[in-house]
Amino acid sequence: MVFRMRNTESIYRQMRFMVVYVAMGLAVIYFVEFIRTRYFPSATGSLIFESLAGMVFLTLSAPLISRAITQYKRHSQLVRQERSFLVENISFGIIQSDMDGSIVAVNTAVCELLGYTEAELLSRNINALLGEEIELFETLDVLPAQPSTARKDIDLATKNDEVIPVELVCTQYSSDDGKYYRSFILRDRRNELESQAIERRASLVFNSVTNPIMIASDNWEVAWCNEAALMMLGCSHDGVIGKRVMSLQRLKVSQTEREFIKNTVLKKGGWSGIVSVGEDLESSSPYRCTLTLIGGADNIIIANFDSIAELMEAKSELSNSRSIDDLTGLLNYKEFEFRINKDISTGVLSGGGRFPVIVFNIDSFRQFNVAYDREGGDCILNAFTAVLKECLPHDSYLSRLHSDTFSAYIPRQCSLSEVNGLVDKVKLRLTSPLNVDFGPVFITVSVGVDSVSQSNAPARRVISNAEYAVSTAKEVGRNLTRFYSSDISESANYFVKVSSELSVALKSRQLVAAYQAIVKASDFTLHSVEALVRWIHPVDGVRRPDDFIPIAEKAGLMPDLSRAVLDSVSADFASLSTKLDYGSISINFSPTVFVDSDFVDSFVAQVNRTYIPPQRLIVEITESTLMRDTRSSKMAIAKLREAGIGVVIDDFGTGYSSLSYLDKFNLDGIKVDKLMLQGVPQDAKKAEILKNIIATAKALNLYVVIEGVETAEQASFLRREGADYLQGYYFSQPVLLQDVDFDKGWELYRRPLLPSSRQDIR
Ligand code: C2E
Ligand code: CA
Ligand code: CA
């Protein structure tokens with residue numbers, strides 16, 4: 001198929017050839033004319049010379065002319081071939097028509113595009129093919145001196161009636177043959193439209209994403225960004241595209257950071273970190289910026305920004321909530337400790353100052369919780385918080401350390417009297433009722449004080465000391481204040497030492513019973529024995545219970561201690577009962593174990609596992625034990641008596657209870673405390689009280705034991721007054737079984753006869 005084209009190049013070549021040819025002709029004419037006028041001036045000579053010169057010129061130039069024509073022809077053919085090749089192989093469809101619209105040439109691409117064969121297209125008219133789009137030609141000059149071109153994107157129907165989008169470029173020109181033609185170049189736009197659609201969708205997606213996103217070339221120039229990025233950067237599209245990412249005005253990245261980030265992205269393929277974005281540093285917001293280098297034919301960098309302002313806010317709220325007590329809004333323990341430690345570490349105390357830490361514990365708070373429910377208890381805690389805020393200096397740090405324990409740290413040097421003044425102010429305020437909805441509530445607080453100094457850091461130690469001081473105050477009573485001192489510290493150390501030693505002693509059977517005789521008042525013969533615990537300490541020797549029982553109580557070791565004593569009694573029981581004629585064995589119960597029903601059950605079970613008949617056991621409990629929890633006490637007494645074990649009240653006379661009150665408890669007898677006997681019978685008043693106690697007990701059908709009998713005078717007085725049994729050094733010291741001389745009986749252990757080697761057993 002030959003396309004009729006306007007061969008501008010061949011015309012130009014033709015003209016060039018003509019010019020050269022004419023120039024050469026003129027030069028020859030000028031030369032011939034010069035020779036003729038010079039050498040052949042006559043008319044005949046001139047004619048002959050001109051004819052000869054003309055013949056020579058024609059002979060010489062003929063081959064040249066013919067060669068030029070042949071070359072021109074060949075060149076034109078080559079150009080035509082080259083163009084045909086191009087036309088055939090180009091991916092655009094090309095149609096050539098004459099001015100009537102008859103198609104004169106088509107290339108393969110257009111056949112493929114429109115689904116027609118070449119022959120089918122050649123038989124058609126372009127006007128029919130293009131339909132309305134033919135209007136395009138009307139914009140072209142009818143017969144232009146120069147080719148004129150128009151372009152339009154149109155939809156074109158193929159042979160199969162498929163409509164395809166094409167770009168149509170129509171050129172009107174005159175060809176070598178002098179005729180006018182139109183060439184139509186058709187470019188298939190389907191791929192282009194598809195990728196445009198993908199791009200549009202992608203940009204829709206990216207714009208709907210709230211995260212600012214930018215895409216940059218590998219030289220960091222922004223090629224694309226979404227709406228969110230424009231918002232973040234406060235720029236128009238033009239203000240961002242083509243700019244270097246790191247130089248964008250709102251991104252607060254220092255020069256050194258920039259270099260670091262760029263190097264990391266290059267080396268590791270990405271970087272992630274926090275950047276500030278905003279007009280200035282104060283008003284800027286934090287973003288997590290993630291840069292990802294995507295490799296391939298052309299590297300691109302994707303920058304994704306994630307606002308973390310909310311996260312930071314939430315974090316700071318969280319750290320606030322971590323440092324504040326939910327209920328009272330005061331500092332929690334951790335934060336309180338942290339603030340004191342901060343003062344220590346920043347050297348505020350280095351000048352030798354001592355800043356007070358005061359711990360307040362609400363007395364019997366558990367009772368309030370029971371009486372008013374937990375909610376009521378919470379109201380009391382909040383009301384007390386208000387009291388602390390009202391009474392303590394405004395610059396103090398206040399904390400609720402835990403449950404009903406509060407603390408105040410006064411961050412400056414205070415004298416002892418100043419601290420006392422502050423504590424008194426709180427206590428005075430508490431003499432008025434607390435401000436709670438459910439009526440007037442009066443509370444008291446136990447207070448412990450220690451002070452922070454550079455030498456006794458850290459804070460945790462000081463807070464614990466003040467808390468320990470509170471607990472020592474509570475041991476004495478309520479509403480009291482204790483200052484932590486080295487004495488307290490020593491007693492705490494002593495407690496730790498003894499309680500841990502005691503735990504070991506219990507496991508290694510260092511705790512055994514010593515026995516003290518209880519005699520009949522009528523004839524001073526042995527009636528029973530009382531088992532009194534002794535600690536056979538590997539270093540200190542025999543230790544008396546007053547040394548360690550209070551510690552065992554605090555350390556919760558009393559159940560184990562009681563079991564150890566019963567074990568010891570059970571081991572001694574066989575030899576005691578075969579060699580001595582006595583009735584029963586008394587065992588002491590501490591207040592804590594007596595009200596513990598599980599312990600009472602396990603004690604009865606343990607007794608049942610021994611050879612001791614329960615009827616030969618008596619449990620001694622103090623009267624204050626009964627008063628502590630009367631319900632549990634009654635249940636315990638009932639359980640013991642049901643098992644056949646007797647129960648007597650020990651240390652009678654040291655508490656506040658009357659005998660008629662004790663009658664309710666279904667007891668076997670009472671043991672009057674040795675204090676009641678001191679100075680008797682000389683002390684007439686005391687003697688009178690004793691007489692009354694003995695008489696009342698008898699009336700209530702309770703037997704009476706008097707302990708602490710040290711003299712013969714006391715023994716005969718008590719016999720006279722009708723006491724049933726007597727116990728005291730006058731009859732016998734407490735003695736370990738291994739030391740009992742059964743042949744000589746208890747007489748041996750009477751105090752005046754006590755050998756010096758046995759002094760420590762007493
Ligand atoms: P308690 O039950 O009142 O025991 C009597 C205490 O008085 C014994 O002291 C005894 O040695 C002492 N004593 C006896 N006769 C006289 C006397 O004539 N004059 C004087 N001044 N004192 C006399 P001990 O053995 O040191 O026991 C002290 C306390 O330890 C006991 O007082 C008892 O409350 C407690 N205890 C002893 N052993 C045990 C035990 O196994 N379990 C429990 N829970 N407590 C025990
Ligand atoms: Ca006792
Ligand atoms: Ca006693």
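Both ligands and their constituent atoms are indexed starting at 1 by order of listing.
Taking the six-membered ring wherever Trp is involved, the centroid distance between the rings of Y611 and F573 does not fall below 6.0 Å.
Within 6.0 Å of CZ in R509 there are 12 or fewer heavy atoms belonging to other residues, nucleotides or ligands. Under a cut-off of 6.0 angstrom, the local environment of CD in Q682 is crowded, with over 12 non-hydrogen atoms contributed by other residues, nucleotides or ligands.
Side chains of D325 and T328: a donor on one and an acceptor on the other come within 3.5 Å. Under 3.5 Å, the side chains of E467 and N361 contain no donor-acceptor pair of N or O atoms. Under the 3.5 Å distance criterion, with hydrogens and angles disregarded, a donor-acceptor pair is assigned to the side chains of Q606 and D567. Counting only N and O atoms by type, the side chains of S586 and K671 include no donor and acceptor under 3.5 Å apart. There is a side-chain donor-acceptor pair under 3.5 Å between T444 and R478.
The pair R544-D547 does not count as a salt bridge, with every side-chain nitrogen at least 4.0 angstrom from each carboxylate oxygen. A salt bridge links E688 to K691: one of the charged nitrogens lies within less than 4.0 Å of a carboxylate oxygen.
For ligand 1, the atoms lying closer than 4.0 Å to a non-hydrogen atom of V709 are 18 (O). The ligand atoms of ligand 1 that sit less than 4.0 angstrom from a heavy atom of M558 are 44 (N). Counting atoms of ligand 1 from 1 in the listed order, those under 4.0 Å from a heavy atom of D651 are 3 (O). Counting atoms of ligand 1 from 1 in the listed order, those under 4.0 Å from a heavy atom of P545 are 24 (P), 25 (O), 26 (O), 27 (O), 28 (C), 30 (O), 37 (C). When each atom of ligand 1 is checked for a heavy atom of E530 under 4.0 Å away, the hits are 2 (O), 4 (O). For ligand 1, the atoms closer than 4.0 angstrom to any heavy atom of V565 are 41 (O). The E707 neighbourhood of ligand 1 comprises atoms 3 (O), 5 (C), with distances under 4.0 Å to a heavy atom of that residue. Close approach to R534 involves these atoms of ligand 1, each under 4.0 Å from a residue heavy atom: 25 (O).
Judged by the shortest distance from any of its heavy atoms, Q733 lies outside the 4.0 Å radius around the atoms of ligand 1. Every heavy atom of K671 sits 4.0 Å or more from the atoms of ligand 1. Not a single heavy atom of S562 sits under 4.0 Å from any atom of ligand 1.
Listing protein N, O or S atoms at distances below 3.0 Å from the Ca ion (ligand 2), with waters left out, gives E530 OE2, N588 OD1, E620 OE1, D650 OD2.
Here K698 pairs with I694, D724 under the side-chain contact (heavy atoms from CB on, under 4.5 Å) rule; sequence neighbours left out. Applying the side-chain hydrogen bond (donor to acceptor under 3.5 Å, both in side chains) test to S471 and every residue at least two apart in sequence or in another chain returns nothing.
Only the side chain of D650 comes within contact range of ligand 1, with a heavy atom under 4.0 Å; no backbone atom does. Contacts of D546 with ligand 1, taken as heavy-atom pairs under 4.0 Å, involve the side chain alone.
Note: H527 and Y725 have parallel aromatic rings, judged against thresholds of 30 and 60 degrees for the angle between ring planes.
Taking all heavy atoms of Y729, F548, F594 into account, the minimum distance to atom 17 (C) of ligand 1 is reached by Y729. Nearest-residue assignment for atom 44 (N) of ligand 1 (options S590, A513, P591; heavy-atom criterion): S590.
Remark: ligand 1 and V533 share an N or O pair separated by less than 3.5 Å (distance only, no angle test). On a distance-only criterion, Q727 and ligand 1 share no N/O pair closer than 3.5 Å. Below 3.5 Å of separation, one finds no N or O of Y730 facing any N or O of ligand 1.
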Would R461 and D450 count as a salt bridge (Lys or Arg N to Asp or Glu O under 4.0 Å) here? Give the steps.
CA-CA 10 Å; R461 173 99 295 243; D450 194 19; over 6 Å; no
Kindly list each side-chain donor-acceptor pair under 3.5 angstrom involving residues 371-384, sequence neighbours excluded, with atom names and distances?
none

